[in-house]
Amino acid sequence: AKDQFLANMSHELRTPITSIRGYAETLAENFELPPDAARFSRTIARSASRLGAIIDDLLLLSSLEDPSARGDIASTPVRIAGIVAEAVEQVTPAATEKRLAIDVAVDPSLWVLGSAGLLAHAVANLVSNAAKYGPADSRIAVTAAAEGGYAVISITDHGPGIPEIHRERLFERFYRVDRARSRDSGGTGLGLAIVKHLVEGHGGRVWAESTLGAGTTIQIQWPATPS
Ligand code: ADP
């Protein structure tokens, strides 16, 4: 009943949000507005878009938290190189805008069991955070290698880093280290909670390593399957 309610609610909310966003964009782009009014319209459009993203994330998170739905995670052999390529492609437009270089080094023989779509969503989320929090003109590294029966994927940026006291709680819903920065970057505060659910639902583990002022590495570890 809860899932049905959430699905209905998100559908009902999405329609007016799309309308608010569409009209606000039209106002800003197609009318001769005083500068303040144009800026306000763009802010309305951006906020509506964030609200839509939060609703999508809440719905996904709620379906992942449902233990009966977890059993539905499709398990087929998935090649890590394909997942990483898809994730990097999704983030490329945002990375290009900040002139970020993404270096990829992936062992092509790595396979895991799981859902290709959900695994790509998790990796894309981490690469997208690296692009959000990494400074313009810097590099992001994405690596994947076999380590003792596991496939380990690492995503490294050269952003501000994450203070140690926050690292445990990062993966909680709506937990933010720096509220203002997260808002500026259009984050929902749900990305890492979703990543954790996706990874653990696949029998894996995710954690953060970071040096303040130098950058962050997020690592995912999945049981590897023989290729
Ligand atoms: P958001 O949508 O706000 O980015 P996430 O769940 O993805 O939410 O991340 C939670 C918080 O963790 C972020 O608000 C940010 O403070 C911090 N964070 C996540 N990834 C990084 C990173 N690569 N570098 C620095 N801080 C990060």
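Numbers here are sequence positions counted from 1. Whatever order the structure lists ligands and atoms in, that order sets their numbers, starting from 1.
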Q. Charged N to carboxylate O below 4.0 Å: is that the case for Lys132 and Asp157?
A.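 No, this pair does not count.
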
Q.
Using a strict threshold of under 4.0 Å (side-chain N to carboxylate O), is an ion pair present between Asp137 and Lys98?
A. no

Which of the ligand 1 atoms, numbered from 1, are nearer than 4.0 Å to a heavy atom of [X]:
X      : value
Thr216 : 24 (N)
Lys132 : 1 (P), 2 (O), 4 (O)
Asn129 : 4 (O), 7 (O), 19 (C), 20 (N)

Would you check the N or O atoms of [X], main chain and side chain alike, for any that come under 3.5 Å of an N or O of ligand 1?
X      : result
Leu192 : yes
Tyr175 : no
Ala193 : no

For [X] and [Y], indicate whether the former's side chain and the latter's backbone hold a donor-acceptor pair under 3.5 Å.
X      : Y      : result
Ser128 : Val91  : no
Arg169 : Val177 : no
Arg14  : Gly52  : no
Ser115 : Leu118 : yes

**Q.** ring pair (Phe, Tyr, Trp, His ring centres under 6.0 Å) evaluation trace for His197 with Phe171
**A.** CA-CA 9 Å; His197 274 280; Phe171 297 90; over 10 Å; no

Q | Whether Gly189 lies under 4.0 Å from ligand 1, heavy atom | A | yes

Q) Quick one: does His166 get a heavy atom under 4.0 Å from ligand 1? A) no

Q. So Gln219 and Ser154, side chain to side chain donor-acceptor pair (under 3.5 Å) or not? Walk me through it.
A. CA-CA 4 Å; Gln219 290 201 292; Ser154 301; 2.6 Å; yes

Minimum distance, heavy atoms only, to [atom]: which one of [options] is it?
atom                    : options                : result
atom 12 (O) of ligand 1 : Asp178, Leu170, Ile54  : Leu170
atom 24 (N) of ligand 1 : Tyr133, Phe171, Phe174 : Tyr133
atom 2 (O) of ligand 1  : Ile140, Ile194, Thr188 : Thr188

With heavy atoms only and a cut-off of under 4.0 Å, state how [X] meets ligand 1: side chain, backbone, both or neither.
X      : result
Val177 : both
Ile162 : side chain
Asp157 : side chain

Q | Fellow cluster residues of Leu33, listed by chain then number, with links counted only when side-chain atoms sit under 4.5 Å apart | A |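 Its cluster mates, by chain and number, are Leu27, Phe31.
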
